[in-house]
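Here is the structure we will look at, set down as structure tokens.
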Amino acid sequence: MLAGELYLADDPEIAADALRSALLNERFNATSAGDPEASRAALAELLGELGEGAEIRPPLRVDYGHRITVGPRTFVNFGAVFLDVARITIGTDVQMGPNVQLLTPTHPIDPEPRRAKWEAAQPITIGDNVWLGGGVIVCPGVSIGENTVVGAGAVVTKDLPANVVAVGNPARVIRKIGEGAEAGPAAS
């Protein structure tokens with residue numbers, strides 16, 4: 001599974017890992033806004049790495065949690081879905097709007113192996129100082145370069161280089177950062 005090869009998700013070891021994650025995820029999402037220490041403790045136990053000063057607002061949904069690395073000072077707004085069948089690496093000072101989805105799982109195109117419940121996954125990497133607007137979806141195997149801004153509602157199906165603004169479905173680069181007007185929020 002971690003190598004990106006096809007696997008069956010009904011394996012007992014995978015099921016036990018998913019149960020652990022579901023319980024920790026439930027605990028994080030149920031913590032009181034008035035108890036930030038309990039919230040951070042639950043999140044730190046759920047995730048593989050949680051950088052200093054990073055904040056994730058509940059609700060959060062993950063597959064396993066421990067394959068997710070969140071860099072220092074990163075902010076993730078409400079409603080994130082991080083399906084970490086493969087590794088998800090989120091850099092330092094990343095900003096994510098509400099309802100962002102990072103989706104590593106893939107499924108066969110051919111109907112027979114898909115009917116037989118075979119799956120696979122590809123890692124996602126979000127570079128330092130990236131801004132993902134509300135509702136952005138990042139597909140399996142995608143890397144987004146540092147300082148890049150992805151506009152709200154974009155679907156990122158291919159790698160994006162550093163220092164660009166990308167929008168749309170599928171996301172396409174509309175300009176390099178530093179070119180053109182910088183006024184106004186591009187991604188909200």
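One is the number of the first residue; the rest follow in order along the sequence.
- Pairing each heavy atom of Pro59 with each of Asn29, the nearest pair is CA-OD1, 3.2 Å.
- Taking each heavy atom of Val94 and Gly127 in turn, the nearest pair found is CG2-O, 3.3 Å.
- Listed by chain and residue number, Glu55, Phe75, Asn77, Phe78 satisfy the side-chain contact (heavy atoms from CB on, under 4.5 Å) test with Arg57 (two or more places apart in sequence, or in another chain).
- Here the closest non-hydrogen pair linking Ala86 and Gln122 is CB-C, 3.5 Å.
- Take Asn129 and apply the side chain to side chain donor-acceptor pair (under 3.5 Å) test, not counting sequence neighbours, and it matches Asn147.
- Cluster annotation: Val136 and Leu60 are assigned to the same hydrophobic cluster (Ile/Leu/Val/Met/Phe/Trp/Tyr, side-chain heavy-atom contacts under 4.5 Å, transitive).
- In this structure, the side chain of Asp159 engages the main chain of Ser143 through a donor-acceptor pair within 3.5 Å.
- When the shell of 6.0 Å around CG of Leu19 is examined, it contains more than 12 heavy atoms from other residues, nucleotides or ligands.
- Hydrophobic clustering of Ile, Leu, Val, Met, Phe, Trp and Tyr side chains at less than 4.5 Å, counting indirect connections, unites Val142 with Phe82.
- Taking 4.5 Å as the limit, every side-chain heavy atom of Val138 sits out of range of all side-chain heavy atoms of Ile88.
- Sorted by first and then second residue, the side-chain hydrogen bond (donor to acceptor under 3.5 Å, both in side chains) pairs with a member in residues 1-19 read Tyr7-Glu119, Asp17-His66; sequence neighbours excluded.
- No chain of hydrophobic side-chain contacts below 4.5 Å, direct or via other Ile, Leu, Val, Met, Phe, Trp or Tyr residues, connects Phe28 to Leu23.
- Note: Ile144 CD1 to Leu102 CG = 8.0 Å, rounded to the nearest 0.5 Å.
- Cluster annotation: Leu24 and Leu83 are assigned to distinct hydrophobic clusters (Ile/Leu/Val/Met/Phe/Trp/Tyr, side-chain heavy-atom contacts under 4.5 Å, transitive).
- Using a 4.5 Å heavy-atom threshold, the side chains of Leu160 and Val130 count as separate.
- Scanning both residues, Ala54 and Gly71, for their nearest heavy atoms gives CB-O, 3.6 Å.
- Pairs of residues two or more places apart, or lying in two chains, that qualify as side-chain hydrogen bond (donor to acceptor under 3.5 Å, both in side chains) and include a residue from residues 103-112 are Glu112-Arg115.
- A donor-acceptor pair under 3.5 Å links the side-chain atoms of Thr74 to the main chain of Gly91, judged by distance alone.
- Residues Ser21 and Asp63 form no side-chain contact, since every pair of their non-hydrogen atoms from C-beta on lies 4.5 Å or further apart.
- Looking at every heavy atom in both residues, Ile124 comes nearest to Leu103 through CD1-N, 3.4 Å.
- Side chain of Thr148 to backbone of Pro161: a donor-acceptor contact under 3.5 angstrom is found.
- In this structure, the separation between CG on Leu47 and CD1 on Ile90 is 8.5 Å, given to the nearest 0.5 Å.
- Within the model, atoms OG1 of Thr31 and CD of Glu26 stand 12.0 Å from one another, a figure rounded to the nearest 0.5 Å.
- Between the side chain of Arg67 and the backbone N or O of Gly48 there is no donor-acceptor pair closer than 3.5 Å.
- With rounding to the nearest 0.5 angstrom, the OG1 atom of Thr69 is 3.5 Å from the CZ atom of Arg87.
- In terms of heavy atoms, Pro105 sits closest to Pro140 at O-CG, 3.2 Å.
- Identified under the side-chain hydrogen bond (donor to acceptor under 3.5 Å, both in side chains) test for residues 88-102, with sequence neighbours left out: Arg73-Asp93.
- Going from atom CG of Leu46 over to atom CD1 of Ile56 covers 8.5 Å, rounded to the nearest 0.5 Å.
- A heavy-atom distance below 4.5 Å is not found between the side chains of Val76 and Val100.
- The CG atom of Asp84 lies 8.0 Å from the OH atom of Tyr64; values are rounded to the nearest 0.5 Å.
- Taking 4.5 Å as the limit, some side-chain heavy atom of Val165 sits within range of a side-chain heavy atom of Arg175.
- Trp118 belongs to a hydrophobic cluster with Leu6, Leu8, counting contacts under 4.5 Å between side-chain heavy atoms of Ile, Leu, Val, Met, Phe, Trp and Tyr, direct or through other members.
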